[in-house]
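Remember, predicted model here, so these are calculated numbers, not experimental data. By convention in this document, chain letters (A, B, ...) are assigned in the order of the sequence lines, proteins followed by strands, and residues within each chain are numbered from 1.
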Protein chains: 2
Amino acid sequence: MKKKIAFRSTCPISTMLDITGDKWSLLIVRDLAFKGKNTYGDFLKAGEGIATNVLADKLTQLEIGGIVTKERHPQSKAKVLYRLTKKGIDLIPALVEIILWSEKYHHVHEQAVSFAWQVRRDKIGMTKMLMDGAKKIEL
Amino acid sequence: MKKKIAFRSTCPISTMLDITGDKWSLLIVRDLAFKGKNTYGDFLKAGEGIATNVLADKLTQLEIGGIVTKERHPQSKAKVLYRLTKKGIDLIPALVEIILWSEKYHHVHEQAVSFAWQVRRDKIGMTKMLMDGAKKIEL
DNA sequence: TGATCTACTTGTAAAAAGCAAGTGCTTTGG
DNA sequence: CCAAAGCACTTGCTTTTTACAAGTAGATCA
C-alpha cells in the first residue's frame, strides 16, 4: 500500500515539504542524524511520543522520498536497521539552521546550540562524526 | 477561536515544527520573504492552491507563533497587509538550506539556486533587499 | 447604486493523526 | 526445547485536520 508522493509544484521549498512537511518526519531524521537511533523501537521511545501506526507510515514515506533505507540489522534478525541516505544526510544543514533559529527565539539546550555552530563551521567533519555514531547529542 | 500552540518537547527542531510543521506554513513565509506577496489574496493565488479556510487558519497560527503580523494596508481599507516579523525573517537561512537541498535532488529553477547561494553568502544584504521588495524571485 | 473585490466564515466530506489492542516472527532464559 | 518477552509492525476505531464549495460583510469601482 505504498502511496507515492504528490508534488504540488516545482518550487524547491514546496518540493521539500511534499516529502518531509509534517510534524514527525524531521524528528525521525533528527534521531538518525544526531541521536544515534536507528530502529523502530528507538523512534517510538523518542520523547515526543509518535503513534506506532504514524511512525510506520512516516518511515515508508521517508523511504519512498529517498531519505532513509531499511536494512537487516547486524545484531538481530528481529530488528530492522534504518539509515539515512546521502539525500537524508544532506538535510543536516537545514536542520542546523532550524536549531539555531529555535535557539534564538525559544529555550533549548545550550549543548545543541554550540553543536549546531560546530556543524555549520565544519559540515563535512562533523557529519562524518555523526554518521559514525561517534557523536550523540541531546536535543 | 485562536488555539495556542502545544509544544511537544523542548527540542529545537520539534519546537520549530510545532509552529511551522505542516505543508503550508513555510510556503506563506516563502511568499512573504521571496515573492513580495503580502495579502490574503496573494497567498490564495499562489501556485500550490491552498484552501481558503486553511489559509486563514495558518495565518493566525503564524501570527500566534510570532512569525507574521497583520496590519492595515496603506493602499486600501479592504485589504490586510501581512508582514514577516524579525522572527519570521530569521527563518530565511533555513529556507535557503532547504532550497539548496531541493536543488541537489530535484529539478528546480536555476534562478532560485544561484539566488540561494547569494543569500547564503551575504545574508544581511540580501535579506534587506528582499524585505524592501527590491528583489523578487521566482521559485 | 449596483457590481466587484477583499478577507474571511460556514458546512460538509475526505484524509490524516491519535489511541488501544492484536499479530507474527525472533530472541531469551530456565 | 518451550514459554515468555522483544520487536516491528497491522488493524479497527475515534478525533482532528485538510479539502472543497458556498456564503457573508465591509470596501471599492464604474
Please name all residues satisfying side chain to side chain contact (heavy atoms under 4.5 Å, CB included) with A/Glu138, sequence neighbours left out, ordered by chain then number. A/His109, A/Gln111

Between the protein and nucleotides 5-7 of chain C, list the N/O to N/O atom pairs that are separated by less than 3.5 angstrom.
unit_1 : atom_1 : unit_2  : atom_2 : d
C/dA7  : OP1    : B/Val80 : N      : 3.4
C/dA7  : OP2    : B/Gly41 : N      : 2.7

Spacing of A/Arg72 atom CZ relative to D/dC7 atom C1', expressed in whole Å: 16 Å

Check whether A/Thr85 reaches the backbone of A/Gly66 with its side chain - one donor and one acceptor, N or O, closer than 3.5 Å. yes

Side chain to side chain contact (heavy atoms under 4.5 Å, CB included) filter on B/Lys35, not counting sequence neighbours, yields B/Arg30, B/Asp31, B/Lys37, B/Leu139

To the nearest Å, how far apart are A/Leu44 CG and C/dC19 C1'? 13 Å

Kindly say whether B/Asn38 contributes a backbone atom to a donor-acceptor pair with the side chain of B/Asp42 at under 3.5 angstrom? yes

With rounding to the nearest 0.5 Å, note down the distance linking NZ in B/Lys135 to OG1 in B/Thr127. 13.0 Å

Find the distance A/Gln61:CD to C/dA16:C1' and express it as a whole number of Å. 12 Å

Between C/dA16 (P) and A/Leu55 (CG): distance, integer Å: 17 Å

Per the under-4.0 Å heavy-atom filter, residues of residues 20-36 of chain B near DNA chain C come out as none

Rounded to whole Å, how long is the line connecting atom CG of A/Asp18 with atom C1' of C/dA15? 16 Å

Heteroatom pairs (N/O) under 3.5 angstrom, protein to nucleotides 1-4 of chain D:
none

I'd like to know if A/Asp18 and B/Lys23 make a salt bridge, using a cut-off of under 4.0 Å between side-chain N and carboxylate O. no

Could you tell me how far apart A/Leu17 (CG) and C/dA16 (C1') are, to the nearest whole angstrom? 17 Å

Looking at residues at least two apart in the chain, or sitting in another chain, which of them share a salt bridge (charged side-chain N to carboxylate O under 4.0 Å, His left out) with A/Glu103? none

Those residues at least two apart in sequence (or on a different chain) that pass side chain to side chain contact (heavy atoms under 4.5 Å, CB included) with A/Arg83 are A/Thr69, A/Glu71, A/Leu81

With sequence neighbours excluded, residues passing side chain to side chain contact (heavy atoms under 4.5 Å, CB included) with A/Lys70: A/Thr60, A/Glu63, A/Val80, A/Tyr82

Report yes if at least one side-chain N or O of B/Lys58 is closer than 4.0 Å to OP1 or OP2 of D/dT18; otherwise report no. yes

A/Lys77: what forms a salt bridge (charged side-chain N to carboxylate O under 4.0 Å, His left out) with it, not counting sequence neighbours? none

From CG of B/Leu59 over to P of C/dT9, roughly how many Å is that when rounded to an integer? 10 Å

Nearest whole angstrom, please: distance from the P of C/dC19 to the CG of A/Asp57. 16 Å

Taking B/Thr15 for the side chain and A/Ser102 for the main chain, is one N or O donor matched with an acceptor at less than 3.5 Å? no

Shorter than 3.5 Å, N or O on both sides, protein versus nucleotides 20-25 of chain D: list them out with atom names.
unit_1 : atom_1 : unit_2  : atom_2 : d
D/dC20 : N4     : B/Asn53 : ND2    : 3.0

A/Val54 side chain, from C-beta outward: closest of D/dT28, C/dA17, D/dT18: C/dA17

Identify the heavy atoms of B/Lys58 and B/Ser25 that sit nearest to each other, and give their distance. CD-OG, 3.8 Å

Residues which pass salt bridge (charged side-chain N to carboxylate O under 4.0 Å, His left out) with A/Lys87, listed by chain and number, not counting sequence neighbours: none

Mind checking what makes side chain to side chain donor-acceptor pair (under 3.5 Å) contact with B/Asp90, not counting sequence neighbours? A/Lys104, A/Tyr105, B/Lys86

